Number of protein chains: 2
Amino acid sequence: MRMAKGVEWALHTLLNLDMIGGGPVGSGQLAEAHGLSASYLNKQLQQLARAGLVVSVPGPRGGFRLARPLEAITLLDVVEAIEGSTQLFHCTEIRCCGKIGELSPPPTDTCAVNAAMRRAEEAWRQALAAQCLADIRGELDRVPMVRQVVRTVLE
Amino acid sequence: MRMAKGVEWALHTLLNLDMIGGGPVGSGQLAEAHGLSASYLNKQLQQLARAGLVVSVPGPRGGFRLARPLEAITLLDVVEAIEGSTQLFHCTEIRCCGKIGELSPPPTDTCAVNAAMRRAEEAWRQALAAQCLADIRGELDRVPMVRQVVRTVLE
DNA sequence: CGATCCTGGACATGTAATGTCCGTAATATG
DNA sequence: CATATTACGGACATTACATGTCCAGGATCG
Ligand code: SF4
Ligand code: SF4
C-alpha cells in the first residue's frame with residue numbers, strides 16, 4: 001500500500017511552476033530539473049491538466065503553467081488528480097462468499113467494517129484538503145537559494 | 001494505491017474468532033467460512049500472531065484464537081499487522097536529483113512536502129486507532145442471525 | 001507412533017504502477 | 001505556407017508488489 005510516485009513528482013513540479021512565474025514550461029525541462037522520465041512526467045501533467053490544476057499550451061514555446069495560485073490548490077487536489085478518487089480500503093464483499101455467505105441472508109446495508117474504514121479515510125482526506133501548496137511554499141522559502149536555483153534551472 | 005485484501009480477510013476472521021468463543025479454530029475452517037485461499041489466509045494469520053493479536057496453537061485440534069478481547073484490538077493494530085507500518089507517502093528525495101539537486105545545497109531538514117503528507121497520514125492513523133473491533137461487532141450484532149451462522153459454520 | 005495443524009521458505013501467478021515509443025494535432029515562427 | 005516545437009494519447013514493455021500455491025519441517029495430541 002504505497003502512494004504513487006507521481007504524486008511526489010506532481011507536487012514538486014507544481015511548486016517549481018509557481019517559483020518560475022507565469023510563462024509556460026515544457027515537460028522536458030520540468031523533468032530534467034529533477035532527473036525524471038520526461039514521457040512519464042508528461043502523462044502526470046496531462047492528468048493535472050484534466051483536473052484543472054494546470055493549463056497546457058501546445059506549440060513552440062508552449063508547455064504547462066499553473067491554472068490558479070497555490071493558495072487554491074490543496075494536497076487532496078493533487079492526490080486525487082494523480083491517484084484518482086478510489087477508496088483506500090476496497091471491499092470484496094467476502095461476507096457473501098463461502099459457507100457463511102450461503103447461510104446468511106443477503107446483506108441489506110453497508111457493512112460495519114467498510115463504514116469504519118471509510119470514516120478513517122475521511123479523516124485523511126480532510127487533513128489533505130486542509131493543507132494547500134502555498135503553506136508548503138512558505139516552509140520551503142525558509143531555506144535560502146531554493147527559489148534562485150529553480151529560476152536558474154528553468155530560465 | 002489500494003490497501004491489501006488481507007486486511008479485509010483479517011478483520012472478518014478476527015470477528016469470527018470472537019463470535020465462536022474461546023477454542024482455537026484451524027486456518028482451513030476459517031478460510032472455508034468465507035471462500036478464501038487457505039494457504040494465504042494462513043500467512044496473514046501468522047502475521048497477526050507475530051503482531052500479538054492472535055495466539056497459534058499447533059497440533060491436532062489446534063488453530064488460532066484471539067490473544068485479547070476485541071475491545072483491545074484497534075483497526076490500526078490490524079492494518080499495521082498486515083500492511084506493516086510503512087508510510088503511505090514514501091519520499092524518493094527527488095529534490096536531490098537532476099539539475100536542481102546538483103545546484104542546491106544538501107538539504108538539512110525533512111522537507112515540507114513530506115511533513116505535510118505525514119500530518120495527513122497521522123490523522124488517518126489516529127482515526128484507525130480510535131476505533132476498536134468491539135465497536136464493529138456492536139454494529140454487526142444489530143443484524144439478526146449473524147452470530148448464529150458463524151457458530152454453525154465453525155462449530 | 002501417526003495424524004493433525006502451524007511454520008516458513010521457495011516458487012508461480014496476477015495486477016497495477018512505472019517507463020518507453022510513436023503517430024497525431026495544435027501553434028508559434030520565419 | 002512550410003517547418004519546427006510542443007502537447008496529446010494510445011499501445012506497448014518493464015518492474016514491483018500483492019496474491020496464491022506448494023512443500024519440507026516441527027510441534028502437539030491421542
Ligand atoms: S462485510 Fe464489510 S468488509 Fe466484509 S466484505 Fe462486506 S463490505 Fe467488505
Ligand atoms: S523534497 Fe520532500 S517530497 Fe520532495 S523528494 Fe525531498 S522529501 Fe520527498
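Within every chain, numbering begins at 1; the chains are lettered A, B, ... in the order of the sequence lines, protein sequences first and strands thereafter. Treat the numbers as computed from the prediction; the structure is a model and nothing was measured. FYI, side chains are in, hydrogens and waters are out, and symmetry mates aren't considered; it's all heavy atoms of this structure.
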Study note, to complete from the structure: A:Leu36 CG to C:dT20 P, in whole Å, measures 11 Å

Check your understanding: To the nearest Å, how far apart are B:Met3 CE and C:dA16 C1'?
Key -> 17 Å

Exercise for review: Check whether any side-chain nitrogen or oxygen of B:Ser27 sits under 4.0 Å from OP1 or OP2 of C:dC6, and answer yes or no.
Suggested key: yes

Review point. Is B:Gly63 touching bases, backbone alone, or none of the nucleic acid, heavy atoms closer than 4.0 Å?
Key: sugar-phosphate

Check your understanding: For B:Leu14, which of B:Val78, B:Leu30, B:Ile136 qualifies under side chain to side chain contact (heavy atoms under 4.5 Å, CB included)?
Key -> B:Val78

Exercise for review: Heavy atoms of chain A, cut-off under 4.0 Å: which first and last nucleotide of DNA chain D, 5' to 3', fall inside that, if you could look?
Suggested key: D:dA4 to D:dA18

Practice item. Please answer whether the main-chain N or O of A:Cys91 pairs with a side-chain N or O of B:Glu8 as donor and acceptor at a distance below 3.5 Å. Key: no

Check your understanding: Any donor and acceptor pair, going by atom type alone, linking the side chain of B:Glu83 with main-chain N or O of B:Ala4 inside 3.5 Å?
Key -> yes

Exercise for review: Assign each of A:Ala4 and A:Gly59 to its nearest nucleotide of DNA chain C by heavy atoms, then name whichever residue's nucleotide is nearer the 5' end.
Suggested key: A:Ala4

Review point. Whole-Å distance between C:dA26 P and A:Phe64 CZ?
Key: 16 Å

Point to revise | Pair B:Glu139 + A:Arg119, salt bridge at N-O below 4.0 Å | key: yes

Practice item. Using atom CE of A:Met1 as one end and atom P of C:dA17 as the other, report the distance to the nearest whole Å. Key: 14 Å

Study note, to complete from the structure: Sequence neighbours excluded, the answer for ring pair (Phe, Tyr, Trp, His ring centres under 6.0 Å) partners of A:Tyr40 is A:Trp9

Point to revise | Length of the line joining A:Tyr40:OH and C:dC21:C1', which is rounded to integer Å | key: 15 Å

Point to revise | Pair A:Asp77-A:Thr74, side-chain donor/acceptor within less than 3.5 Å | key: yes

Review point. When we call it a touch if two heavy atoms are under 4.0 Å apart, what does B:Ser56 touch: a base, just sugar-phosphate, or nothing?
Key: sugar-phosphate

Point to revise | Length of the CD-C1' vector between B:Gln44 and C:dC6, whole Å | key: 15 Å

**Study point:** Donor + acceptor pair across side chains of B:Ser56, B:Gln46 (<3.5 Å)
**Key:** no

Review point. If you look at every strand shown and take non-hydrogen atoms under 4.0 Å, does B:Ser39 touch a base, only sugar-phosphate, or nothing?
Key: base

**Study point:** Spacing between A:Lys43 atom NZ and C:dA16 atom C1', to the nearest angstrom
**Key:** 15 Å

Revision key, fill the gap. Atom CD of A:Gln46 and atom C1' of C:dT18 are separated, to the nearest Å, by 15 Å

